[in-house]
Peer 1: 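Dropping a structure here in structure tokens format, bear with me for questions.
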Protein chains: 2
Amino acid sequence: MAADDQPVPVFPKPVTLRDVAAAAGVSVATASKALNSQGRMTAETRERIRETARSLGFRPNSLAQSLLRRRSFTVGLLTNDTYGRFSLPLMSGISDALVDNGVSVFLCNVEEDPRLGQLHVEAMLDKRVDGIIATGKRIDRHLPVDLSDLRVPVIYAFTQPDPDAVAFVSDDAGGARLAVEHFCGLGRKRIAHVTGPASFAVVHDRAQAYRDVLTENGLPAAEPLLGAWSEAWGHEAVARLFDGPRRQDGKGERPDAVFCGNDQIARGVIDALRERGLSVPGDVGVIGFDNWEIVAEATRPPLTSVDMNLAALGREAGLTLLSLVGGQPAAPGIRKLPCRLVVRQSCGHPMDG
Amino acid sequence: MAADDQPVPVFPKPVTLRDVAAAAGVSVATASKALNSQGRMTAETRERIRETARSLGFRPNSLAQSLLRRRSFTVGLLTNDTYGRFSLPLMSGISDALVDNGVSVFLCNVEEDPRLGQLHVEAMLDKRVDGIIATGKRIDRHLPVDLSDLRVPVIYAFTQPDPDAVAFVSDDAGGARLAVEHFCGLGRKRIAHVTGPASFAVVHDRAQAYRDVLTENGLPAAEPLLGAWSEAWGHEAVARLFDGPRRQDGKGERPDAVFCGNDQIARGVIDALRERGLSVPGDVGVIGFDNWEIVAEATRPPLTSVDMNLAALGREAGLTLLSLVGGQPAAPGIRKLPCRLVVRQSCGHPMDG
DNA sequence: CTTAGTTGGGAAAAGGTTTTCTCTTACAGA
DNA sequence: TCTGTAAGAGAAAACCTTTTCCCAACTAAG
């Protein structure tokens, strides 16, 4: 057996409580109590055991502890977004909240595959996770898994929840209000809205908020332009808004502000405006959505954008799951967390007159 | 106690092997053997027990299994990159490889904090992970953790490894060769290199490969332009390359190709070239690095770029860890995995004459 | 001297599974 | 009828820790 001749690294056996007890000359029960500040014994005995444990490098086996306590201090994080700039800050926030509380996170990518999802959920349950957080790349789509009637608490974050579940999402309408009201406050009068495809629920939420704010401010209600989430669509939308023939009925006047459905569209809009010799924010103000910093800071000028506070949302979701796991009740329902406007230079200062 | 009046959801107790055995009228030992295709028993007994288990919805407790087998089918994934477009495909590849083999992944973000790192590693060890994968956002930086002399195998992926460790990184020099040789093959003669700051090891690796290929092809060796990883630097570099006074010594001639250190620089370069009325790829070919699709596909024209195959790298790392865990030896050292060139439209077709 | 109480510490069960060993029964062969 | 063997199934140990219960010894009170 030539293969057996290879030097295989051999890993030392972990030291167990039994080892500590033997080394300290006590029973495992006493050793356990000494290390956990339980039971009664002389201070010397306790300290001696602790010192022995330290010197042996003893670390309790979490598996055994979990088995006994019926609590694994582990939660499952389900997502269908691998590449996402949304799920990243979200997951980061969730993870931080949990880890700060001594809870580890199982990461599970379920793609769009229900079989894979089922598999993962069962694996997590088998590993006795204390709870599950479901996360997605779209707020209006279900994960391809059934999380109802699980034997652990479930929280939904930035994904379509089951009815009667506890869920956290961003307040997209509120975010849109922030942007449009900011334009209004700056004195912009003809505010356009260029956004993504109609198949996204947020497109309608934001568009409605856009209309509402315009109405409230007595401004002309233009119809939002629905397209794609891409720079190219930003270019095309500018062509439609600015290259058409001017009409005399008041409509059709050139916008002096564009509220965009995401930062890529906004990037396209800004570039297209510059190509037409229009200055941003001088002639036209632009606000994006998502606050994807790498894009928002690369536009010229840097882009004002709505931030969905996804890290904070994740943190909130994580903490809520923890309290659920701890036995605290939480009212089912969807909690919308506020967005915030990150003002850079693309929206300009208050206008005269 | 008003708080106690709230309806607290009560989760059903998991059904154990003991329950199954009792329901089937056999001992737990027999039940276990029936479900694991071990031991000897009549086919009927086996099937009856299995049916009972199915109907009860029995799922074995992984904690108990892991405790006994001394193998948890769990690995820890350490990273210091939360927002990264590098670590995402990498982690995705790692995760896929592991999950395909029935292994779950603990996600641990250690930031840059050695205390946090230490904490995480200990937590993972306590939870008896079978192995650890260390991942970073920079190939030339250590994670802030000490992973030597652990009692489990460790693999490094896209981060600076300890000596004598097993590590996977991308072959940046090879990737650069791919790009520059592609330009040479297309007949470009004056190839510039615009890249990131000198503090990155890959900048030098790629720059050296760039020089080597030029020399091999008998082309003039221009000094790479080192700057930042940003679009703005792409703009500035074009200004330096194309706006300076023409010199008569052969040097200083305008480049007909620019190999960029990442896609953002390339984006800046392309935009700046267009602003100067130069056509891409007609007058100047451009190749980027990273193949960050959302950028590469948004440039006009779409950007040819070097892809580091990070998902494949991650997959390879995951599989290697698994074989290490399985007792297969692996030679220590750094394995460089090849990049590939994704050709889009920014580098053009072969030139005449 | 007895009784009650306290103190220091150990034995054992529990958590859920796997595996080895042992035991009982049945059956074939002598 | 007796012996040997194989099949089928259970008992128990093991994994490691925590916790409850118990015991022995000692002290203080009556």
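Throughout, a chain's letter reflects where its sequence line sits, starting with A, and its residues are numbered from 1.
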Peer 1: Look at the side-chain N and O atoms of B:Thr30 and state whether any lies under 4.0 Å from the OP1 or OP2 oxygen of D:dG8.
Peer 2: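 For D:dG8, neither OP1 nor OP2 has a side-chain N or O of B:Thr30 closer than 4.0 Å.
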
Peer 1: Closest to the B:Leu68 side chain: D:dT18, D:dC15, C:dG15?
Peer 2: D:dC15

Peer 1: If you assign each of A:Arg40 and A:Val26 to its closest nucleotide in DNA chain C, which residue comes earlier from the 5' end?
Peer 2: A:Arg40

Peer 1: Hey, does the side chain of B:Arg18 come within less than 4.0 Å of C:dG16's phosphate (OP1/OP2), counting only N and O?
Peer 2: no

Peer 1: Take the protein atom CE of A:Met41 and the nucleotide atom C1' of D:dC23, then report the distance between them rounded to whole Å.
Peer 2: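 The distance from CE of A:Met41 to C1' of D:dC23 comes to 16 Å, rounded to the nearest Å.
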
Peer 1: Over how many whole Å does the gap from B:Arg48 atom CZ to D:dA9 atom P extend?
Peer 2: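 Rounded to the whole Å, the gap is 8 Å.
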
Peer 1: If you find the nucleotide of DNA chain D closest to B:Ser27 and the one closest to A:Lys33, which residue's nucleotide is nearer the 5' end?
Peer 2: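 It is B:Ser27, whose closest nucleotide lies nearer the 5' terminus.
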
Peer 1: Please work out which of the three classes, parallel, tilted or perpendicular, describes the rings of A:Phe106 and B:Phe106, given edges at 30° and 60°.
Peer 2: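 Plane angle under 30°, so parallel.
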
Peer 1: Pick the closest DNA chain D nucleotide for B:Arg70 and for B:Thr42 by heavy atoms, then say which residue is nearer the 5' end.
Peer 2: B:Thr42

Peer 1: Between A:Leu67 (CG) and C:dA14 (P), how many Å, whole number?
Peer 2: 13 Å

Peer 1: Would you please confirm or rule out a distance under 4.0 Å between OP1 or OP2 of D:dA9 and any side-chain N or O of B:Thr45?
Peer 2: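 Yes, B:Thr45 has a side-chain N/O under 4.0 Å of OP1/OP2 on D:dA9.
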
Peer 1: Given atom CG of B:Asp19 and atom C1' of C:dG15, what is their separation to the nearest angstrom?
Peer 2: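 In whole Å, C:dG15 C1' and B:Asp19 CG are 13 Å from each other.
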
Peer 1: Assess the side chains of A:Thr30 and A:Ser27: does a donor N or O sit below 3.5 Å from an acceptor N or O?
Peer 2: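 Yes, side-chain donor-acceptor contact under 3.5 Å.
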
Peer 1: Check this for me: B:Asp149, atom CG, are more than 12 non-hydrogen atoms of other residues, nucleotides or ligands nearer than 6.0 Å?
Peer 2: no

Peer 1: With side chain to side chain donor-acceptor pair (under 3.5 Å) as the criterion, how do B:Arg69 and B:Ser62 come out once you've worked through the C-alpha distance, each side chain's angles and the decisive distance to 0.1 Å?
Peer 2: CA-CA 10 Å; B:Arg69 294 189 175 138; B:Ser62 289; over 6 Å; no

Peer 1: For the pair made of CZ in B:Arg128 and P in D:dC16, what is the distance, rounded to whole Å?
Peer 2: 8 Å

Peer 1: OP1 or OP2 of D:dC16 less than 4.0 angstrom from a side-chain nitrogen or oxygen of A:Thr16, does that happen here?
Peer 2: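 Indeed not, no polar side-chain atom of A:Thr16 lies that close.
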
Peer 1: Can you measure A:Arg59 atom CZ to D:dT17 atom P for me and round it to whole angstrom units?
Peer 2: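 Computing the A:Arg59:CZ to D:dT17:P distance gives 12 Å.
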
Peer 1: Could you pull out the closest heavy-atom pair between A:Leu56 and A:Val15, with the gap in Å?
Peer 2: O-CG1, 3.2 Å

Peer 1: Looking at C:dA11, C:dG16, C:dG8, which one has an atom nearest to any side-chain atom of B:Asn61?
Peer 2: C:dG16

Peer 1: From the options C:dT19, C:dT18, C:dA11, select the nucleotide whose nearest atom is closest to the side chain of B:Ala29.
Peer 2: C:dT19

Peer 1: Indicate whether OP1 or OP2 belonging to D:dT18 is found under 4.0 Å from a side-chain N or O atom of A:Gln38.
Peer 2: no

